[in-house]
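The structure appears right after this line, and notes come after that.
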Amino acid sequence: MAIIDKRHAAKQLLYERVFHGATLAAAILVLLILGGVALSLLRGAWPALQHFGFPFVTREIWNPVTEEFGALAPIYGTVVTSVIAMALAVPTGFGIALFLTEICPPLLKRPIGVAVELLAAVPSIIFGIWGLFVLAPVLQRHVQPWLIKHAHPIPGIHKLFMGPPFGIGIFTAGLVLAIMVLPFIAATMRDVFDTVPPMLKESGYGLGATRWEVIWNVVVPHSRVGVVGGIMLGLGRALGETMAVTFVIGNAHRISTSLLAPGTTISSSIANEFTEAVGDLYTSSLIALGLLLFIITFTVIAAAQIMLRRLERRAEA
Amino acid sequence: MFTRRTFRTLKNGAFLALSLAATLTGLACLTAILWTLIENGIAGMSWHLFTEMTPPPGSSGGLLNALYGSAVMSLLGILIGAPIGVLAGTYLAEYGRKSALATAIRFINDVLLSAPSIIIGLFIYEIVVVRMGHFSAIAGALSLAVLAIPVTLRTTEDMINLVPPGMKDASAALGAYPWRTVLSVLYPAARSGIVTGLLLAIARISGETAPLLFTALNNQFWSTNLGAPMANLPVVIFQFALSPYKDWQNLAWAGALIITASILLLSISARVILAMLQADRGSGS
C-alpha cells in the first residue's frame with residue numbers, strides 16, 4: 001500500500017481551499033453586482049431626489065432650461081407602451097405556444113420553434129430601425145388614418161385616437177415592443193406547456209374532449225402559474241426595453257390622451273438625453289429615472305421568477 | 001339547428017385556426033424584418049465598409065473603426081465576464097447546491113439575466129465613467145462583462161449538472177478533491193455545453209447598444225486606446241440611422257445586417273453544438 005505523502009496531501013488541500021474560495025468569490029460577486037447597481041443608482045439619483053422630493057414622480061414638467069424635472073410623462077409612456085405590447089403579444093404568444101405544443105406536425109415543430117427563438121436573438125436596435133423606416137411609414141399612411149376615421153367616432157375611446165397620423169408615437173412603440181417580446185412570451189409558454197404530463201391530456205381525450213377543450217380545461221389550468229410567470233418576464237422586458245422604443249417614440253415629454261401622439265418612456269428619455277445632459281441636476285434626474293425603472297422592473301422580474309420557481313418545484317414533486 | 005356536438009367542433013376549429021394565425025403572424029414579422037434588413041443591408045455592402053473609417057456627414061466611408069471597437073469591447077467583455085460566470089456556476093453546481101446562499105445567488109442571477117441593459121450601463125457610468133472623468137472603451141467592456149456573467153453562470157451550472165453523477169463519484173472514490181474533479185472530470189465532460197454558453201453570451205453582448213451609450217460612447221476616428229471613447233457598431237447604427245444623411249443611413253443598414261448576421265450565426269452554431277452534444281449522449285448511453 002502506498003504511503004500517503006503528507007506534503008502532497010497538504011498541497012492538495014491548499015489547492016482545494018483556493019479553488020473553493022475563488023468559486024465562492026465569483027458567486028458572491030453576483031450578489032454584489034445587484035447591490036452595487038441599487039446603491040450606485042441611489043447615489044447618482046440622490047441630488048435630484050433631494051431637490052424635488054416625492055413630487056418628482058407626480059409632475060409632468062421636464063424643462064432642462066429652468067432645471068425643472070418630473071418623471072410622470074416617462075412613467076406614463078413606459079406603462080402605456082408596455083400595456084399595448086402585452087395586449088397584443090400575450091394572445092399571439094399564447095397562440096404560438098399552443099400551436100407548437102399541441103397542433104403543429106412534428107416535422108415542423110423544431111424549425112418553427114428555432115425560428116421563434118432566433119427572433120428573440122435579434123438585437124433590439126434592429127427592431128428600432130425596422131420600426132422607424134418600415135413600420136412607421138406604413139402605419140402613418142394606412143393604419144393610423146383608418147384608426148382616426150373609424151375608431152375616433154366611437155364614444156368612450158374616441159380620445160385615444162385623435163390628432164394627425166405622425167407615424168411615430170406611443171402606439172407605434174407599443175407595436176414594435178409587442179413584436180420584440182412576442183418570441184420571449186411564446187418560448188416561455190411553450191416550455192411551460194411542455195411540462196404538462198401527457199397522461200392528463202390523454203385522459204381528457206379519453207373522455208371525448210376536443211383538442212381545444214383539452215387545452216383550455218387541462219393544459220391551461222395545469223400551467224397557470226408558469227404562464228403568468230412567462231407573461232411577467234415579457235412585461236419586465238417591455239418595461240426596460242430601450243433601443244426598439246427610442247427610435248419610434250418621438251421623445252416628447254408630455255402626456256397626451258391620444259395613443260397616436262409622440263411620447264417618451266423612462267429608458268428612451270435616458271438614451272436620448274443622457275450624453276447631452278448639461279448640469280448635475282439634469283444628469284441626476286435622468287439617473288433617478290433609471291432608479292425608478294430599476295425598482296419597477298426588479299419587482300416585476302422577481303415576481304415572475306418566484307412564480308416560475310413555484311411551477312418548477314411542483315413539476316419536481 | 002346546431003347540435004351541441006357541432007358547436008364544440010366549430011369552437012375547436014375556430015380556436016385552432018386562431019392559433020395557426022398567431023404563428024403565421026409571428027413568422028411573418030420575422031420574415032419582414034429579415035427581408036428589409038437584407039434588402040437594405042446588401043445595398044450598402046461594399047469593401048469600403050471594412051477599409052474606411054466612419055465618415056463625416058455627407059460623404060461616403062466605412063465602418064472599420066466601429067467594427068474594430070465592437071470586436072475589442074465584446075472580446076474584452078467576454079474575457080472579463082466569462083471566468084466569473086463559469087466559476088460562479090461551478091460554485092452553485094459543486095459547492096453551494098441547495099444552500100440558502102446558492103438559492104439566493106441563483107435567484108439574483110435570474111433577475112440580472114432579464115434586467116434592462118440600460119440599468120447596467122448607468123451602473124458602470126456611476127462607478128467607472130464618473131470616477132475616470134470621461135467615457136472609455138474599458139468602461140464599455142466592463143458593462144458588457146456584467147451582461148455576460150448571468151448567461152455564462154446559468155449555462156455552466158446547467159451543463160455541470162448534466163454530467164452523470166457516476167463520473168463524479170468515480171473521481172471522488174479515487175481520492176480526488178472536488179477541485180481536481182471539477183478541472184479533470186466535470187469541465188472536460190461539460191466542455192461543449194460551456195462553450196455554447198460562451199457563444200450565447202457573445203451573441204447577447206455584441207448587439208447591446210444602450211449600455212455602451214453611457215460608457216464607451218462613440219469615436220469618429222480610429223482609436224486603440226482603451227482609456228478613451230471608442231467607436232462601436234451599435235452606437236454608430238443608432239446615430240447614423242437617426243441622421244438625415246442618406247450616406248449615413250446606408251451605413252447604418254449595412255452595419256445592422258453585419259451585426260444581425262453575426263449574432264444569428266453565433267446563435268445557430270451554439271444550437272448545432274448543443275444538438276451534437278445531445279446526439280452524443282443519446283447514442284452513448
Side-chain angles (χ1 to χ4, degrees), chain A residues 12 15-16 19-20 22-24 26-27 29-31 33-34 36-37 40-41 43-44 92 95-96 98-99 103 112 114-116 118-119 121-123 125-126 129-130 132 134 179 182 186 210-213 233 236-237 240-243 267 270-271 274-275 287 290 293-294 297-298 301-302 305, chain B residues 8-9 11-12 15-16 18-23 25-27 29-30 33 36-37 84 87-88 90-92 95-96 104-105 107-112 114-116 118-119 122-123 126-127 146 149 153 177-179 203 207 209-210 213-214 217 234 237-238 241 252 256 259-260 263-264 267 271:
Chain A
Q12 289 287 312
Y15 288 155
E16 174 56 25
F19 188 73
H20 189 158
T23 59
L24 180 64
L29 190 65
V30 174
L31 289 182
I33 287 175
L34 193 78
V37 170
S40 65
L41 286 180
R43 203 189 57 184
T92 319
I96 295 178
L98 279 188
F99 181 81
I103 303 167
I112 296 181
V114 169
V116 169
L118 285 183
L119 189 59
V122 173
I125 190 167
I126 307 297
I129 49 175
W130 180 76
L132 179 66
V134 181
I179 298 172
L182 180 62
T210 62
R211 223 184 265 204
W212 171 253
E213 284 165 349
L233 216 53
R237 264 191 199 266
E241 176 46 45
T242 311
M243 298 325 286
S267 51
I270 304 173
F274 198 81
T275 45
I287 296 178
L293 181 66
F294 174 75
T297 49
F298 182 86
I301 298 169
Q305 291 298 343
Chain B
R8 284 173 59 205
T9 320
K11 192 172 163 192
N12 183 47
F15 278 108
L16 296 191
L18 278 179
S19 163
L20 178 66
T23 311
T25 314
L27 291 177
C29 290
L30 177 71
I33 290 170
T36 339
L37 197 57
I84 298 171
L87 281 176
T90 312
Y91 176 81
L92 294 187
Y95 296 106
I105 290 170
F107 181 75
I108 297 297
N109 189 66
D110 281 350
V111 171
L112 281 177
S114 16
I118 192 167
I119 300 284
L122 286 179
F123 165 56
E126 275 294 311
I127 65 166
V146 172
I149 291 174
L153 188 155
Y177 274 111
W179 74 270
T209 317
L213 275 175
F214 326 128
L217 199 63
I237 296 173
F238 178 49
I259 220 166
T260 312
I263 286 171
L264 289 185
S267 313
R271 238 159 255 287

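Hydrogens, waters and symmetry mates are skipped; everything else that's a heavy atom, side chains included, is used. A, B, ... follow the sequence lines: proteins, then strands. Residue 1 opens every chain. Because the structure is a prediction, the values reported are computed rather than measured.
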Next item on the list: Applying side-chain contact (heavy atoms from CB on, under 4.5 Å), name anything that partners B:Ile33, two or more places apart in sequence or on another chain.
Entry: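 In terms of side-chain contact (heavy atoms from CB on, under 4.5 Å), with neighbours along the sequence ignored, B:Ile33 is linked to A:Ile126, A:Phe127, A:Trp130, A:Ile179.
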
Next item on the list: Can you sort out the partners of B:Phe15 under side-chain contact (heavy atoms from CB on, under 4.5 Å), two or more places apart, ordered by chain and number?
Entry: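 A:Trp212, B:Lys11, B:Leu18.
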
Let me know if [X] has heavy atoms under 4.5 Å from chain B in its side chain, its backbone, both or neither.
X: A:Leu233; answer: side chain
X: A:Thr210; answer: both
X: A:Thr92; answer: both
X: A:Leu182; answer: side chain
X: A:Leu98; answer: both
X: A:Val37; answer: both
X: A:Ile129; answer: both
X: A:Arg211; answer: both
X: A:Ser267; answer: both

Is chain A contacted by the side chain of [X], its backbone, both, or neither, given a heavy-atom distance below 4.5 Å?
X: B:Ile263; result: side chain
X: B:Ile127; result: side chain
X: B:Leu27; result: side chain
X: B:Ile149; result: side chain
X: B:Ala256; result: both
X: B:Phe107; result: both
X: B:Thr36; result: side chain
X: B:Leu112; result: side chain

Can you name the nearest heavy-atom pair linking [X] to [Y], along with the distance?
X: B:Ile84; Y: A:Ala26; answer: O-CB, 3.5 Å
X: B:Ser114; Y: A:Gln305; answer: OG-NE2, 4.3 Å
X: B:Gly26; Y: A:Leu119; answer: O-CD2, 4.3 Å
X: A:Gly95; Y: B:Ser19; answer: O-OG, 2.9 Å

Next item on the list: Report the relative orientation of the aromatic rings in A:His20 and B:Tyr91; use parallel for angles under 30°, tilted for 30 to 60°, perpendicular for over 60°.
Entry: tilted

